[in-house]
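Each chain gets a letter, A, B and so on, in the order its sequence line appears, and its residues count up from 1.
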2 protein chains.
Amino acid sequence: MAREAGVSRATVSFVLNNTQHQKITEATRRRVLTAAEKLGYAPSAAARTLRYGRSDVVLGLLPDWPLGYAAGQLVQELTLAFANRNLTFVVHSGIRGARSLSEIWKAITPAAVLSFEPFSDSDATAMRAAGIEVIVALYDDKGPGSDENITSANAIGAAQARHLAASHRRLGYAYPDDERVAVFAGPRADGVRKACAELGLPEPDVRTVPLTADAAADAVRSWLAADPQVTGICAFNDDVAMSVLAGLRRLGLEAPRDMAVIGVDDSPAAAVSSPPLTSVVQDLPGIAELYANSVRAALDGAPATSNQVEPRIRLEVRESA
Amino acid sequence: MAREAGVSRATVSFVLNNTQHQKITEATRRRVLTAAEKLGYAPSAAARTLRYGRSDVVLGLLPDWPLGYAAGQLVQELTLAFANRNLTFVVHSGIRGARSLSEIWKAITPAAVLSFEPFSDSDATAMRAAGIEVIVALYDDKGPGSDENITSANAIGAAQARHLAASHRRLGYAYPDDERVAVFAGPRADGVRKACAELGLPEPDVRTVPLTADAAADAVRSWLAADPQVTGICAFNDDVAMSVLAGLRRLGLEAPRDMAVIGVDDSPAAAVSSPPLTSVVQDLPGIAELYANSVRAALDGAPATSNQVEPRIRLEVRESA
DNA sequence: CTGTTAGCGCTTTCAC
DNA sequence: GTGAAAGCGCTAACAG
């Protein structure tokens, strides 16, 4: 490349990177660009990474569990948010039996890792030792025993509860039948619990609801038999909510007359369920901006900017609640 | 590292990579490993990539459109399949306004790219020039005018049609209301068309079905008014299928009595829809194996192995059809 | 303003 | 057996 243009390697570097504060002759500039064009020259990210010790890649680590509509959306928004900050976002889907975490990040050499599941301390220290910024998303650092005010982690559950509390005196929580999402479902259920407490409602009745009509019917029966009777259900997500709706139909009952149900995610199916499902929708673009900001700030060595706007939570009110 | 162990760099390399045909003293070997351990030494993928000109990363390029349940599953299966072949699979979600394709692959330096959407010839040649294996998935290279036998691309549609043909004389196709998935929906609709032709059924009636009950009701009305009347619907996916079901309910009609409906993906919501949805389920692990094999073979410079087993397609028969 | 040089960490080749 | 050295492509620093 340098040889071809008859120019020094450094000059080439300046031209191709549009380095400021370097005055390059227009002729030289043109010569370099022409040569680059002719040779189909492409800069080597590997070399650049080796030199800098850091790439511009942000590695997203997805957990093992089933990825639904919302997860896909979030990934897309994150991709966009990082791109706007000159960072390339790629995702690796964690899965039993796949490569170990260390193999992944060594293969990618990311500038930062944004994980949606917690990992071991040794992994974390190893990554930090390699100069990688590590950010764990979606989890409160407060620990399980925290009795703080409602945080963004459980704001979803709280929003569900508050909506139902307008017309229901006892709420239930439809918990997913998948242990893998427990880290996720727990905080949401906690949000419901806290909101109930704040509103003076009795403790919510949490039941696991598998994704079959029969099993859901069992749960519905139990809720209706409870004392005080449970008539408003906050579901972990739209799938679980639709399962509850199926359970109601199986018993010849109807939402919201006999029992109100509210989901999370506003997935496409929610709009056409029977009855159409009321659902909580998260501000995914906002959340993506938040994480992208955190990562960018960490990479720039900036202090953790806490002027972050809390992402909004919205209710898509339909007929089920 | 070498300095610390008092051993040559080459020796270190041999030990850490378990290079065969090199006889290393057990003492030296131990010395190296100890030093590596103590220093928390991690090999630099960037340097290795620079040296080899190729990493062990396979870059998956996802299209812009909404990622559903099946897409998430496929990504997980691909991750596993590639891991079993010593390849690290990461995914970049294509999205309007995000970085250009060339920025992505230059940042990652992948050994291969597995794309789920077609890209320009110039992109393809640029990547190949950079030594990257390029594989475009999910599309037939036969071109749009192909009248071949049913291929895997449209086998899904064919399976739907064949199931419905047992009890219905005229079929309809519920096409998604999203232009972005056209590349995907087209072949499936073609599969239905071909199966109808083979079975001596009239041409299927293709209608776009948005994801709202009202719009779906319109489509249902048109199908029932058609001549000959359409009573069996193949839907692009489960979401569209559930929309058709909603349209039926809106008109006071019922599946499968008034109209049978069959979806694709067997998403969680399908099992609890009203009525429970019959759906085509693809052999995602099989498909993942297929692609992983192709990529592996291409990287090994092997000829395209055509002893590939065609992934099976299965029907999850419930009540809607 | 332009050209040269060193070195990021790794592997391969060659010399001891 | 082990050690030294070159070079992958890049950029920062320095010399002309």
Side-chain angles (χ1 to χ4, degrees), chain A residues 1-36 39-57 86 102-103 105-111 126 129-132, chain B residues 1-36 39-57 86 102-103 105-111 126 129-132:
Chain A
M1 176 64 200
R3 170 74 54 91
E4 174 78 12
V7 184
S8 81
R9 304 198 84 84
T11 309
V12 170
S13 183
F14 290 150
V15 172
L16 293 174
N17 291 298
N18 278 321
T19 308
Q20 306 301 325
H21 286 285
Q22 291 286 344
K23 286 160 196 166
I24 309 281
T25 333
E26 190 51 38
T28 310
R29 181 186 198 72
R30 187 162 295 279
R31 210 154 28 113
V32 170
L33 290 177
T34 312
L39 295 170
Y41 170 84
S44 152
R48 195 190 211 116
T49 300
L50 179 57
R51 182 72 239 275
Y52 282 142
R54 163 178 290 191
S55 70
D56 74 339
V57 171
N86 282 314
S102 69
E103 284 182 289
W105 63 258
K106 281 175 190 165
I108 305 286
T109 324
I132 300 174
Chain B
M1 176 64 200
R3 170 73 55 92
E4 173 77 15
V7 184
S8 79
R9 302 197 86 82
T11 310
V12 170
S13 184
F14 291 150
V15 171
L16 293 174
N17 292 296
N18 277 321
T19 309
Q20 305 303 323
H21 287 282
Q22 292 285 346
K23 285 161 197 164
I24 311 282
T25 333
E26 190 50 39
T28 309
R29 180 186 199 71
R30 188 161 295 278
R31 207 154 30 113
V32 170
L33 291 176
T34 313
L39 294 169
Y41 170 84
S44 151
R48 194 188 211 118
T49 300
L50 178 58
R51 182 70 237 273
Y52 281 143
R54 163 178 291 189
S55 70
D56 73 339
V57 171
N86 282 314
S102 70
E103 284 182 288
W105 63 258
K106 281 175 191 164
I108 304 286
T109 323
I132 301 174

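Checking D/dC8, D/dA12, C/dC10 against every side-chain atom of B/Ser44, the shortest atom distance belongs to C/dC10.
Remark: A/Ala126 engages A/Trp105 in a side-chain contact (heavy atoms from CB on, under 4.5 Å) (not counting sequence neighbours). With sequence neighbours left out, A/Ala45 forms a side-chain contact (heavy atoms from CB on, under 4.5 Å) with B/Thr109.
B/Leu50 has its CG atom 13 Å from the P atom of C/dT12, to the nearest Å. Computed from coordinates, the B/Arg51 CZ to D/dA6 C1' distance equals 9 Å when rounded to whole Å. For the pair B/Tyr52 OH and C/dG9 C1', the interatomic distance rounds to 13 Å; values are reported in whole Å.
The shortest distance between side-chain heavy atoms of A/Ile108 and B/Val57 falls below 4.5 Å.
For B/Arg48, a side-chain nitrogen or oxygen approaches OP1 or OP2 of C/dT11 to under 4.0 Å.
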